[in-house]
There are 2 protein chains.
Amino acid sequence: MYTVAEENYIKSIYHLQRHQKSVHTNDLAAELNTRAASATDMIKKLEAKGLLKYEKYYGCSLTKTGKKLALNIIRRHRLWEFFLSEKLGFGWEEVHAVAEQLEHVQSDLLTDKLDVYLGFPLFDPHGDPIPDTLGNMAAREQTPLSLWTSQAPAEVCGVGSQDESFLEMLSLKQLEIGCRLTVLRHFNFDKTVELQLATGSSFTISEMLAKNIFVKPVEV
Amino acid sequence: MYTVAEENYIKSIYHLQRHQKSVHTNDLAAELNTRAASATDMIKKLEAKGLLKYEKYYGCSLTKTGKKLALNIIRRHRLWEFFLSEKLGFGWEEVHAVAEQLEHVQSDLLTDKLDVYLGFPLFDPHGDPIPDTLGNMAAREQTPLSLWTSQAPAEVCGVGSQDESFLEMLSLKQLEIGCRLTVLRHFNFDKTVELQLATGSSFTISEMLAKNIFVKPVEV
DNA sequence: CGAAATATTTAGCCAAAGCTAAAAATATAT
DNA sequence: ATATATTTTTAGCTTTGGCTAAATATTTCG
């Protein structure tokens, strides 16, 4: 069994590892809203437990065991998100905070029974894929709006951040998951994107926002 | 917000308070598998937070605030037990351990939405009543087998302990929740109880066991 | 009643996980 | 390439929750 703190470190290291191959102390501390010194301490502890490899002043990266644990935590998190949204009627922007707590309930039996009960969902309410028992998950068939060049109508199917101010902005601009839109044009100068909603209204969004909204072709 | 340790102390004090009016340090320590010294420390902390009143060498008892918290924790615990049993198909003897973890997820929104989702259940799978938002709960319409004198068939609807060895014994003797039985007689000498199952088999159980099995009249 | 047994508290430690401040290593920049 | 800036680590302290051993209250019993 692992402590909540350990699990949170493992999860953060896993997420950071998608971008940088080796995870640096400062980045990890920033991700967890803590200090570099604390991160160093925990990294050492996790290395002792065989969950990651660590080279002083260079960084760390998860071992096979560490990755497996990370995927299990992510699995729990996303299954709970799905449950909260689908079964309890939580707004998709409310689920994250509660799932942060639920993900630390350690019982594989619970996780697997929940998975069965939910019908083995492949994606959580944010469009992120849910790992199965072995850690395998579907690839997200998603393109950030910033890269979507097709004229064809697109459906919002994922977001790149759980930040509250970001999610608030989305719902303000009526860019919820499942909503349909068309990209009118990309402005090369400042990378802003002009788009039109199914309701007919059109407006321009920043590059930052466009990078964090994922879309896919509208299904027939 | 309260820590997991604090919540567990509050819950234990609440349970002990049903029997003794004032809860003694040693009993509390025993209940929580810890030592008297640790209990003293925590009692002081909880008093400082206004959750209980404490008199040195005498004991402690929950304040109004403390009781409210206790009932909220119990509410969460029993709702999760119901969920695990009803929705996920856990055996009723498996739910307790997992609910011990789930009960510490702190989100009133979650608790209330879960309650709605489950259809405002009144009793958990062990037959214990589930408090509502205000802390009110149904009285358990249950009699311990040791006091059941009626000739009429009875239905097992509750248990007086979550102890593993006890629950194991129950399932071994096929005395699950919901099962039907008739009490053949009470032996005055050693307070054992002879009973007959719906299957026809009959046997005698100890006073200890009889006190911990709750029954109610079979519903028509 | 007073001595022995029992219960409770105090004092002093430990481990986990965090922090600050200072030291050491690495990276950058003129 | 050396000086400066940044990053990382170390050292030492804090809080939470638990422990043991010793001290102090309380209860019980001869």
Side-chain angles (χ1 to χ4, degrees), chain A residues 1-14 16-17 19-62 66 69-70 73 100-101 103-106, chain B residues 1-14 16-17 19-62 66 69-70 73 100-101 103-106:
Chain A
M1 288 302 139
Y2 301 97
T3 67
V4 170
E6 286 170 345
E7 288 199 346
N8 282 330
Y9 270 93
I10 291 294
K11 198 174 48 142
S12 290
I13 294 167
Y14 181 88
L16 290 172
Q17 222 170 214
H19 307 300
Q20 312 130 241
K21 212 50 217 168
S22 191
V23 174
H24 298 285
T25 309
N26 253 0
D27 299 346
L28 184 54
E31 176 85 6
L32 285 159
N33 290 309
T34 182
R35 300 315 178 86
S38 310
T40 302
D41 288 348
M42 183 59 95
I43 287 170
K44 283 181 190 163
K45 193 183 305 177
L46 295 175
E47 178 172 46
K49 294 198 175 188
L51 296 173
L52 50 79
K53 254 180 310 226
Y54 169 51
E55 293 220 65
K56 263 188 173 190
Y57 292 103
Y58 171 70
C60 67
S61 71
L62 296 178
L69 174 56
I73 299 164
E100 285 288 302
Q101 291 187 66
E103 74 184 1
H104 299 296
V105 174
Q106 283 162 330
Chain B
M1 290 299 138
Y2 302 98
T3 66
V4 169
E6 286 168 345
E7 288 199 345
N8 282 331
Y9 270 94
I10 291 294
K11 199 175 45 142
S12 291
I13 294 168
Y14 181 87
L16 290 173
Q17 221 170 218
H19 307 300
Q20 313 131 239
K21 211 54 218 166
S22 191
V23 174
H24 298 284
T25 309
N26 253 0
D27 299 347
L28 185 54
E31 176 85 7
L32 285 158
N33 290 308
T34 181
R35 301 316 179 87
S38 310
T40 302
D41 288 348
M42 182 58 96
I43 287 172
K44 284 182 190 163
K45 192 183 306 179
L46 295 175
E47 178 172 48
K49 294 199 176 190
L51 295 173
L52 51 78
K53 255 180 311 227
Y54 169 52
E55 294 219 66
K56 265 189 172 190
Y57 292 103
Y58 173 68
C60 66
S61 72
L62 295 180
L69 175 56
I73 299 165
E100 285 289 301
Q101 292 188 64
E103 74 185 1
H104 299 297
V105 173
Q106 283 161 329

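A note on names: the letters A, B, ... follow the listed sequences, proteins ahead of strands, and every chain is numbered from 1.
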Take the protein atom [atom1] of [X] and the nucleotide atom [atom2] of [N], then report the distance between them rounded to whole Å.
X     : N      : atom1 : atom2 : result
A:M1  : C:dA16 : CE    : C1'   : 18 Å
B:M42 : D:dT15 : CE    : P     : 16 Å
B:E7  : D:dG17 : CD    : C1'   : 15 Å
B:N8  : D:dG17 : CG    : C1'   : 12 Å

Salt bridge (Lys or Arg N to Asp or Glu O under 4.0 Å): pairs with one or both residues in residues 22-45 of chain A, sequence neighbours excluded: none
Once you apply a heavy-atom cut-off of 4.0 Å, does A:S38 come out as touching a base, just sugar-phosphate, or nothing?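 It contacts base atoms.
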At under 4.0 Å between heavy atoms, what does B:T40 touch on the DNA or RNA strands: base, sugar-phosphate, or nothing? base
Between atom [atom1] of [X] and atom [atom2] of [Y], what is the distance when rounded to the nearest 0.5 Å?
X     : Y      : atom1 : atom2 : value
B:C60 : B:H24  : SG    : NE2   : 9.5 Å
A:I73 : A:H104 : CD1   : NE2   : 7.0 Å
A:I43 : A:K56  : CD1   : NZ    : 12.5 Å

Using side-chain contact (heavy atoms from CB on, under 4.5 Å) as the criterion, point out the one residue from A:L52, A:V4, A:L28 that pairs with A:Y9. A:L28
Among the candidates [options], find the nucleotide nearest to the side-chain atoms of [X].
X     : options                : result
B:T3  : D:dG17, C:dA16, C:dC19 : D:dG17
B:A37 : D:dT20, C:dA21, D:dG18 : D:dT20
A:A5  : D:dT9, C:dA17, D:dG17  : C:dA17
A:R35 : D:dT10, C:dT9, C:dC19  : C:dC19

Can you name the residues that form a side-chain hydrogen bond (donor to acceptor under 3.5 Å, both in side chains) with A:K49, not counting sequence neighbours?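 Once residues adjacent in sequence are excluded, the partners of A:K49 under the side-chain hydrogen bond (donor to acceptor under 3.5 Å, both in side chains) criterion are A:E6.
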Under the side-chain hydrogen bond (donor to acceptor under 3.5 Å, both in side chains) test, residues paired with A:E47 that sit two or more places apart: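 Residues passing side-chain hydrogen bond (donor to acceptor under 3.5 Å, both in side chains) with A:E47: none at all.
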Is [X] near enough to [N] that one of its side-chain N or O atoms lies under 4.0 angstrom from OP1 or OP2?
X     : N      : value
A:T34 : C:dA17 : no
A:K56 : D:dT10 : yes
B:Y9  : D:dG18 : yes

Using the 3.5 Å cut-off, write out each protein N or O paired with an N or O of nucleotides 2-7 of chain C and the distance between them.
none

Of all residues at least two apart in sequence or in a different chain, which pass the side-chain contact (heavy atoms from CB on, under 4.5 Å) check with B:Q106? A:Q101, B:M1, B:Y2, B:E7, B:R76
B:E103 and B:N8, any side-chain heavy atoms less than 4.5 Å apart: yes
Quick one, which residues of residues 43-51 of chain B touch DNA chain D with a heavy atom under 4.0 Å? B:K45
